[in-house]
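Order of appearance sets the numbers: ligands from 1, and atoms from 1 within every ligand.
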Amino acid sequence: MVHSVNNERAWDEQIILALDYQDKAEVIECLNKLDGQVRYVKVGMELCYAEGPGIVAYLKEQGLQVFVDLKVHDIPNTAKGAMMSLAKHGADMVNLHVAGGVAMMEAAREGLEQGTPAGEESPLLIGVTMLTSTSQQTMNEQILITGSMEETVATYARLAKKAGMDGVVASPLEVPAIKQVAGSTFITVTPGIRTLGSSKGDQTRITTPEKAFERGADYIVIGRSITQAPNPAEAWANMITILKEGK
Ligand code: C5P
């Protein structure tokens, strides 16, 4: 990822809009409201379980890049099979939980490569570290992982790199620690993004788009700050203006 002068960057290639809807009609309405400004979208469980993975091909036909966020987490053999199936749908990025361990991640990588149609490039394979809705207190007291969030995420990033992942999902707050342990070319995808004034919702580890990029995020994932805004096109355009001005 090239980090050039702020106003020369193609911000729309690095901002992934979360299409958290239950049917295609809502997706079409959302994309129409955004006036063709979006170039990268995310299909999560909500949309994929409702519409089926065919929605990925539909979005690709609209000229969009697609991140399929199904967070695979299972035994290695099943994770491998899941990735073989997913690879056929033409996604640009897919993910799994690092907590599944190195053997699971390696099997998933194998499945993804085997399932990718001949002549096509395999999607980027990204590991989820700690969900951005999880606070350090929840991690320590409920999930029973001791230590700081930053240490845990950095450890997961190291494991993901060892298992051949292309990068990790984490909060923007942990990006510098991830780059330190896994190197600057190891991709960071960061949800937990809120434009100023929008509601935090269920997320806990959040920051603004500009701060996320300042911390070195390669991609940001943004949903409700844009999709639930009174005027989504205006909210998107304002975000891009702030990024271009390097505020
Ligand atoms: O609406 P909001 O901007 O909070 O949406 C964030 C999106 O990123 C959601 O689709 C959520 O499932 C996803 N996500 C996340 N934290 C992760 C991985 C994915 O919030 N660690």
Side-chain angles (χ1 to χ4, degrees), residues 14-23 26-27 30-31 33-34 38 40-51 55-56 59 64-73 91-100 123-136 138-139 143 145 149-150 152-157 159-160 165-175 177-178 187-213 215 217-230 232 235-236 238-239:
Q14 293 174 261
I15 306 176
I16 305 175
L17 181 72
L19 295 174
D20 290 324
Y21 294 109
Q22 284 173 22
D23 68 60
E26 286 178 292
V27 168
C30 168
L31 293 173
K33 276 190 196 157
L34 280 153
V38 178
Y40 213 138
V41 294
K42 181 174 87 68
V43 174
M45 297 180 203
E46 188 175 351
L47 182 57
C48 203
Y49 294 167
E51 284 290 341
I55 191 74
V56 178
L59 293 165
L64 296 162
Q65 286 193 276
V66 185
F67 170 20
V68 180
D69 176 24
L70 293 181
K71 301 187 181 71
V72 169
H73 190 176
D92 297 282
M93 186 187 287
V94 297
N95 65 357
L96 44 64
H97 272 288
V98 176
L124 291 172
L125 181 53
I126 305 290
V128 177
T129 56
M130 277 289 150
L131 296 174
T132 42
S133 53
T134 303
S135 64
Q136 184 168 311
T138 300
M139 184 185 82
I143 311 176
I145 294 176
M149 180 60 75
E150 195 175 83
T152 307
V153 170
T155 302
Y156 276 34
L159 266 189
M165 303 299 98
D166 297 299
V168 286
V169 183
S171 119
L173 308 175
E174 294 106 33
V175 170
I178 294 167
I187 296 169
T188 49
V189 180
T190 66
I193 303 294
R194 291 291 178 269
T195 51
L196 280 182
S198 55
S199 143
K200 197 171 168 187
D202 55 354
Q203 300 281 22
T204 66
R205 296 175 4 254
I206 56 168
T207 192
T208 59
E210 52 281 17
K211 291 225 166 68
F213 284 123
R215 296 182 78 85
D218 297 292
Y219 295 92
I220 66 169
V221 175
I222 188 161
R224 288 163 289 182
S225 276
I226 300 294
T227 57
Q228 309 295 311
W236 184 276
N238 285 342
M239 170 176 71

(request) Distance to 0.1 Å, residue and atom name: give those for the protein heavy atom nearest to atom 17 (C) of ligand 1. (result) Pro191 CG, 3.6 Å
(message) Can you name the atoms of ligand 1, numbered from 1 with element, that are less than 4.0 Å from a heavy atom of Gln203?
(response) 4 (O), 6 (C), 20 (O)
(request) Please state whether Arg194 comes within less than 4.0 angstrom of ligand 1, counting heavy atoms only. (result) yes
(request) Kindly write out the residues that satisfy ring pair (Phe, Tyr, Trp, His ring centres under 6.0 Å) with Tyr21, not counting sequence neighbours, or none if the list is empty. (result) none
(message) As an exercise, identify every atom of ligand 1 less than 4.0 angstrom from a heavy atom of Arg224.
(response) 1 (O), 2 (P), 3 (O), 4 (O)
(message) Give me the residue, atom name and distance of the protein heavy atom closest to atom 3 (O) of ligand 1.
(response) Gly223 N, 2.8 Å
(message) Among Val169, Thr132, Thr227, Ile222, which one puts a heavy atom closest to atom 16 (N) of ligand 1?
(response) Thr132
(message) Nearest 0.5 angstrom please: Trp236 CH2 to Leu17 CG, how far?
(response) 5.5 Å
(request) Report, in ascending order of atom number, the atoms of ligand 1 lying under 4.0 Å from any heavy atom of Asp69. (result) 12 (O), 13 (C), 19 (C)
(message) How long is the straight-line distance from CD of Glu150 back to OG1 of Thr129, given to the nearest 0.5 Å?
(response) 11.5 Å
(request) For Thr138, enumerate each residue passing the side-chain hydrogen bond (donor to acceptor under 3.5 Å, both in side chains) test, keeping only those at least two apart in sequence or located in another chain. (result) Ser135
(request) Please report which non-hydrogen protein atom sits nearest to atom 18 (C) of ligand 1, along with the residue it belongs to and the distance in Å to one decimal place. (result) Lys71 CE, 3.4 Å
(request) Can you label the angle between the His73 ring and the His97 ring as parallel, tilted or perpendicular, going by 30° and 60°? (result) tilted
(message) To check your reading of the model: name the closest protein heavy atom to atom 13 (C) of ligand 1, its residue, and the distance in Å.
(response) Lys42 NZ, 3.6 Å
(request) Enter the distance from Thr155:OG1 to Ile178:CD1 here, rounded to the nearest 0.5 Å. (result) 11.0 Å
(message) Measuring from atom CG of Leu19 to atom CG of Asp69, what distance do you get when rounded to the nearest 0.5 angstrom?
(response) 11.5 Å
(request) List every atom of ligand 1 that sits less than 4.0 Å from any heavy atom of Asp20, numbering the atoms from 1 in the order shown and giving each element. (result) 9 (C), 10 (O)
